[in-house]
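In what follows, a single structure is set out as structure tokens and then discussed.
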Number of protein chains: 2
Amino acid sequence: MKVSELSRASGISVATIKFYLREGLLPAGDPTAANQASYGPAHLHRLRLIRTLTHVGNLSVVQTRAALAAIDDPALSTHDILGVAIDALPHALERADASEDGAQARRDADEFVDSLGWQASPGAPARAVLADALLALRQLGREVGPDVFAPYADLADALAAQELATIPADAPRDETVEAAVIGTVVFEAVLVALRRLAHGHHSAQRFATPNGPAASR
Amino acid sequence: MKVSELSRASGISVATIKFYLREGLLPAGDPTAANQASYGPAHLHRLRLIRTLTHVGNLSVVQTRAALAAIDDPALSTHDILGVAIDALPHALERADASEDGAQARRDADEFVDSLGWQASPGAPARAVLADALLALRQLGREVGPDVFAPYADLADALAAQELATIPADAPRDETVEAAVIGTVVFEAVLVALRRLAHGHHSAQRFATPNGPAASR
DNA sequence: TCCAATGGATAGTCAAACTATCTAAAAGTA
DNA sequence: TACTTTTAGATAGTTTGACTATCCATTGGA
């Protein structure tokens with residue numbers, strides 16, 4: 001396959017394919033001459049994976065490169081790779097920690113995570129996200145403890161157990177790994193979308209005015 | 001309160017406060033002279049709300065303005081406002097629809113959403129997200145039908161019902177509205193963070209190699 | 001043969017979210 | 001009152017991320 005064909009097959013412009021090549025997301029094709037290389041189905045698959053991570057999973061190019069590098073490294077276990085995906089959280093800007101309230105939120109969030117008995121590294125971005133959430137709720141006037149997270153933790157626990165159970169533990173590493181990463185990233189988008197839709201559904205039951213603009217929703 | 005004081009109290013630079021003022025996210029202060037205005041606690045609260053939506057909820061400035069405008073419009077019901085938050089989905093880039101496979105994914109996603117019996121507008125971004133997810137899974141080699149979403153829909157349904165139940169239906173509109181928006185946006189971040197943490201926990205059980213880098217995670 | 005396509009390098013674009021500078025005037029301070 | 005600081009408002013500049021476009025010296029294919 002030539003670039004132009006790869007481009008047509010993937011729906012991604014040649015310029016963008018070259019960009020992914022430059023950025024190290026896509027391996028180079030087999031060089032057949034000084035200015036010619038041929039690409040195989042693996043390249044097409046890789047492009048789709050890149051687009052899934054960037055466009056569906058909202059990973060940045062840098063995060064995508066890290067995730068792909070982990071997938072490619074045969075020395076890493078599936079668990080290690082999941083770790084990369086987990087650490088590639090979209091946000092986690094460390095808003096907390098700056099103020100005393102922020103530091104308190106961070107301590108509360110850490111304590112909550114640890115109380116779950118899940119081993120999570122002290123630097124896991126998810127901790128910062130929880131701390132930020134807690135800080136935001138408090139600054140907006142809600143007097144909440146870390147236990148507001150409890151129902152979500154139960155849910156997440158059950159969900160993760162179920163999701164990981166669908167991944168065969170004895171399949172070839174490549175398949176396992178890709179299934180795990182895809183599952184983490186695309187079903188996150190699915191979950192979020194369905195939750196918002198469900199909010200719309202249930203709020204109609206509780207709050208809708210018969211003649212408001214909501215009637216058309 | 002003067003800008004400088006508002007800045008100190010909120011931790012947001014004067015330049016950024018001016019930016020939010022220009023962008024219409026923050027209402028102007030009470031003018032006391034040609035070049036002087038005073039700000040109250042409501043402004044501080046508004047700033048915190050802005051930062052929560054943008055930094056915790058990952059809304060863009062434009063989406064944040066839309067959400068705030070909806071919150072401010074007394075003609076809108078709580079349900080209408082939830083709709084704005086729902087439509088402010090971070091992604092939904094309409095990847096599908098371009099190809100035949102994409103169009104099929106879109107039809108499947110729509111059919112699934114409609115089968116749930118939730119009323120969702122035909123243009124709801126969440127539909128596009130689901131279609132994109134379905135398309136990505138299929139292009140990556142999984143032969144999946146829209147029923148892969150079913151467990152997530154059940155979960156989302158239960159979750160949304162529970163979340164909305166915590167909002168008092170008879171409280172003042174302003175409180176209801178803010179509680180709904182904050183709940184949608186910040187607990188989404190919480191849910192995502194905890195799910196990733198739970199993935200790490202459960203993957204350790206299934207995939208961890210005793211001596212890999214995972215040992216330190 | 002000769003024109004379109006290619007790899008590789010470099011530069012340019014565009015949007016988003018700030019950040020900085022400037023101006024005239026009002027406020028605080030000694 | 002003289003002087004330094006702060007302010008609102010306007011305008012311009014910066015930074016980052018993700019592409020997108022140009023150039024050039026080959027090649028490949030009609």
Side-chain angles (χ1 to χ4, degrees), chain A residues 1-40 43 47 49-68 88-95, chain B residues 1-40 43 47 49-68 88-95:
Chain A
M1 237 190 314
K2 297 188 290 189
V3 235
S4 53
E5 296 170 307
L6 185 61
S7 169
R8 217 169 310 114
S10 64
I12 296 171
S13 75
V14 173
T16 301
I17 291 175
K18 282 184 173 188
F19 170 68
Y20 290 151
L21 247 11
R22 274 201 306 281
E23 293 292 316
L25 304 192
L26 186 68
D30 265 355
T32 61
N35 63 344
Q36 223 76 29
S38 86
Y39 304 85
H43 287 94
L47 274 181
L49 184 55
I50 292 169
R51 280 309 239 233
T52 299
L53 294 179
T54 55
H55 285 52
V56 179
N58 282 315
L59 298 200
S60 70
V61 165
V62 171
Q63 292 169 330
T64 301
R65 177 171 45 222
L68 293 172
L89 269 173
H91 7 62
L93 298 171
E94 318 269 341
R95 286 208 313 145
Chain B
M1 236 191 312
K2 297 187 289 189
V3 234
S4 53
E5 295 171 308
L6 185 61
S7 169
R8 216 166 314 114
S10 64
I12 296 172
S13 75
V14 173
T16 301
I17 291 174
K18 284 183 172 189
F19 170 68
Y20 290 150
L21 246 12
R22 276 200 306 279
E23 291 294 315
L25 305 192
L26 187 68
D30 264 356
T32 61
N35 64 345
Q36 223 77 28
S38 85
Y39 304 85
H43 287 94
L47 274 180
L49 183 55
I50 292 169
R51 281 308 240 234
T52 299
L53 295 179
T54 56
H55 285 51
V56 180
N58 282 314
L59 297 202
S60 70
V61 166
V62 171
Q63 291 169 331
T64 301
R65 177 170 46 221
L68 292 172
L89 269 173
H91 7 61
L93 298 171
E94 317 270 341
R95 285 209 314 145

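In the text below, chain A, chain B and the rest are named by the order of the sequence lines, each starting its count at 1. Computed from a predicted structure; not experimentally measured.
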Practice problem: Using a 4.0 Å heavy-atom cut-off across all strands, classify S60(B) as base, sugar-phosphate, or nothing. | Solution: sugar-phosphate

Closest heavy-atom pair, I17(B) versus I12(B), reported as atoms and distance to 0.1 Å, is CD1-O, 3.7 Å

Residues passing the side chain to side chain donor-acceptor pair (under 3.5 Å) test with S10(B), sequence neighbours excluded, are none

Given protein heavy atoms under 4.0 Å, the one-letter contact record of nucleotides 20-27 of chain D, with B base, S sugar-phosphate only and - none, is simply B-----BS

What is the nucleic acid contact for A37(B), judged by heavy atoms within less than 4.0 Å: base, sugar-phosphate only, or nothing?
sugar-phosphate

Rounded to whole Å, the CD1-P distance (I17(B) to dG9(D)) equals 14 Å

Residue pairs passing the side chain to side chain donor-acceptor pair (under 3.5 Å) test with at least one member in residues 21-39 of chain A, sequence neighbours excluded, are E23(A)-R65(A)

Span of DNA chain C engaged by chain B, first through last nucleotide within the 4.0 Å heavy-atom cut-off, is dA17(C) to dA27(C)

Sorted by number, residues from residues 2-11 of chain A placing a heavy atom under 4.0 Å from DNA chain C are K2(A), V3(A), S4(A)

Between L21(B) and L26(B), the two heavy atoms sitting closest are CD1-O, 3.2 Å

Interatomic distance, CG@L6(A) vs CG@L47(A), rounded to 0.5 Å, equals 5.0 Å

Test side-chain contact (heavy atoms from CB on, under 4.5 Å) applied to L53(B) and L68(B), step by step: CA-CA 10 Å; L53(B) 295 179; L68(B) 292 172; 4.2 Å; yes

Taken to the nearest 0.5 Å, the spacing of H55(A) NE2 from I50(A) CD1 works out to 11.0 Å

Side chain to side chain contact (heavy atoms under 4.5 Å, CB included) filter on P27(B), not counting sequence neighbours, yields H43(B), R46(B)

In whole angstroms, the gap separating C1' of dA18(D) from CD of E23(A) amounts to 9 Å

